[in-house]
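Beneath this line is the structure, given in structure tokens, with notes to follow.
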Amino acid sequence: MFRFQYELTDEDYYAYSLHHLYAVPENKNQHTIRKTAFPTICLFLGAFLSVARQSWFYLILFSIASIAWLFCYDWQVRRNLRKRIVWLKKYGKLPSIERTAITFEEDAFTSITDHTEMRSSYAMTERIFEGDSAFYLYQSVITAVILPYRAFASDEERAAFGAFIREKAPKKEKKPESA
């Protein structure tokens, strides 16, 4: 049995949002498409206009726009995430900004805050990720319990918990390949 008490910070939500964007397969594919679609369209449009108008100006202009997009896209996404978290906090929309006590037992885990109590069996956990600063226990595609590493007393406890939670997590069957 493991028991932790912690308080989530803005940085925890930011790290979760980045992890969710870059590591979760469903979002990773969409992110790649959003990042590359605009530059690709710009390059084709620049090439088309350059041929139609018989001028290199459009190709150069749209190429510069494509390169700027590729370099600035991640910065812009990170900036927007930070602004969104500040907005959510300002209007009280962050899910659990108060102190959290979470207990992991043999069959389920329980999370208790000042306003909520949630008990969930490990069978309801869709997947578990170990991020750069926290464990993320996904209950659905977009909802996860965040357990920051600072809640652990030592690296040994963190490693023991990692082994425990991976053992408890449901094993997903691979989809059969179609013929």
Side-chain angles (χ1 to χ4, degrees), residues 2-42 65-104 108-122 124-155 157-159 161-162 164-166 168-170 172:
F2 291 91
R3 182 169 173 76
F4 305 101
Q5 289 193 342
Y6 57 92
E7 194 168 314
L8 292 175
T9 64
D10 294 355
E11 285 302 312
D12 293 325
Y13 284 109
Y14 177 69
Y16 165 71
S17 297
L18 284 178
H19 179 270
H20 188 69
L21 180 65
Y22 292 114
V24 175
E26 296 85 359
N27 290 341
K28 193 174 184 179
N29 294 340
Q30 290 176 3
H31 174 72
T32 302
I33 290 169
R34 283 191 302 264
K35 185 175 182 174
T36 58
F38 179 76
T40 304
I41 291 169
C42 278
S66 297
I67 292 168
W69 177 269
L70 288 172
F71 282 111
C72 295
Y73 181 78
D74 285 328
W75 173 81
Q76 185 68 29
V77 166
R78 290 170 188 266
R79 181 175 158 259
N80 287 344
L81 283 175
R82 284 208 184 273
K83 286 172 69 175
R84 181 73 176 161
I85 289 169
V86 167
W87 185 88
L88 288 170
K89 186 175 183 181
K90 178 180 176 182
Y91 291 102
K93 302 293 184 184
L94 286 178
S96 61
I97 54 175
E98 62 265 349
R99 193 143 185 78
T100 302
I102 190 164
T103 306
F104 292 89
F109 64 91
T110 306
S111 176
I112 301 171
T113 66
D114 294 338
H115 298 82
T116 62
E117 181 172 339
M118 177 189 78
R119 182 168 175 82
S120 181
S121 72
Y122 296 112
M124 296 300 294
T125 304
E126 286 196 9
R127 61 184 125 195
I128 296 171
F129 285 108
E130 255 184 273
D132 293 335
S133 61
F135 281 100
Y136 304 110
L137 290 75
Y138 278 84
Q139 303 301 303
S140 71
V141 173
I142 60 170
T143 307
V145 174
I146 305 169
L147 182 58
Y149 291 156
R150 68 177 179 283
F152 297 95
S154 66
D155 287 340
E157 182 184 31
R158 187 173 109 193
F161 175 77
F164 170 80
I165 201 68
R166 279 188 290 279
K168 295 295 181 182
K172 299 290 183 191

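Note that the structure is predicted; figures quoted are calculated from it, not measured.
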inquiry  = Would Phe2 and Thr103 count as a side chain to side chain contact (heavy atoms under 4.5 Å, CB included) here? Give the steps.
reply    = CA-CA 6 Å; Phe2 291 91; Thr103 306; over 6 Å; no

query = With no hydrogens and no angle check, is any side-chain donor or acceptor of Glu157 less than 3.5 Å from a backbone partner on Ala153?
reply = yes

ask   = Is a side-chain N or O of Trp69 found less than 3.5 angstrom from the main chain of Phe38, in a donor-acceptor match?
value =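 Not at all, since once roles are kept as given, no pair shorter than 3.5 Å links the two residues.
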
Just checking, any donor-acceptor pair under 3.5 angstrom between side chains of [X] and [Y]?
X: Gln139; Y: Ser120; answer: yes
X: Asp12; Y: Thr9; answer: yes
X: Tyr138; Y: His20; answer: yes

Heavy-atom check, side chain of [X] versus side chain of [Y], under 4.5 Å:
X: His31; Y: Tyr73; value: yes
X: Thr113; Y: Arg99; value: no
X: Leu137; Y: Ile165; value: yes
X: Tyr122; Y: Ile128; value: no
X: Ile146; Y: Leu8; value: yes
X: Arg166; Y: Phe164; value: no
X: Tyr136; Y: Leu147; value: no

key: Residue Asp132 excluded, over 12 heavy atoms near CG under 6.0 Å   =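 For Asp132, atom CG is not crowded (no more than 12 foreign heavy atoms under 6.0 Å).
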
task = Using a cut-off of 6.0 Å, state whether more than 12 heavy atoms not belonging to Met118 lie near its atom CE.
result =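 More than 12 within 6.0 Å, yes.
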
About how many Å separate [atom2] of [Y] and [atom1] of [X], when rounded to the nearest 0.5 Å?
X: Thr110; Y: Arg3; atom1: OG1; atom2: CZ; value: 9.5 Å
X: Arg158; Y: Arg150; atom1: CZ; atom2: CZ; value: 13.0 Å
X: Ser111; Y: Arg119; atom1: OG; atom2: CZ; value: 12.0 Å
X: Asp10; Y: Lys89; atom1: CG; atom2: NZ; value: 4.0 Å
X: Asp74; Y: Tyr22; atom1: CG; atom2: OH; value: 3.5 Å
X: Leu18; Y: Arg78; atom1: CG; atom2: CZ; value: 5.0 Å

inquiry  = Tell me every residue that passes ring-ring contact (aromatic ring centres under 6.0 Å, His included) with Tyr149, counting only those two or more places apart in sequence or in another chain.
reply    =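 Checked Tyr149 against ring-ring contact (aromatic ring centres under 6.0 Å, His included); matches are Phe135.
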
task = Please work out whether the ring planes of Trp87 and Tyr91 are parallel, tilted or perpendicular, with thresholds of 30° and 60°.
result = tilted

request  = Test Leu88 against Tyr13 for side chain to side chain contact (heavy atoms under 4.5 Å, CB included), laying out the working first.
outcome  = CA-CA 11 Å; Leu88 288 170; Tyr13 284 109; over 6 Å; no

ask   = Partners of Arg34 by salt bridge (Lys or Arg N to Asp or Glu O under 4.0 Å), sequence neighbours excluded?
value = none

request  = Would you name the heavy atoms of Ala108 and Ser121 that are closest together and state the gap between them?
outcome  =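 The pair with the smallest heavy-atom distance is CB-CA, 3.8 Å.
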
ask   = Is there a side chain to side chain contact (heavy atoms under 4.5 Å, CB included) between Lys35 and Gln30 once you walk through the steps?
value = CA-CA 9 Å; Lys35 185 175 182 174; Gln30 290 176 3; over 6 Å; no

inquiry  = Taking the ring centre of each residue, are His19 and Tyr14 less than 6.0 Å apart?
reply    =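 Centroid distance His19-Tyr14: not below 6.0 Å, so no.
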
request  = Would you please indicate yes or no on a ring centroid separation below 6.0 angstrom for Phe109 and Phe104?
outcome  =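 Phe104 vs Phe109: aromatic centres under 6.0 Å.
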
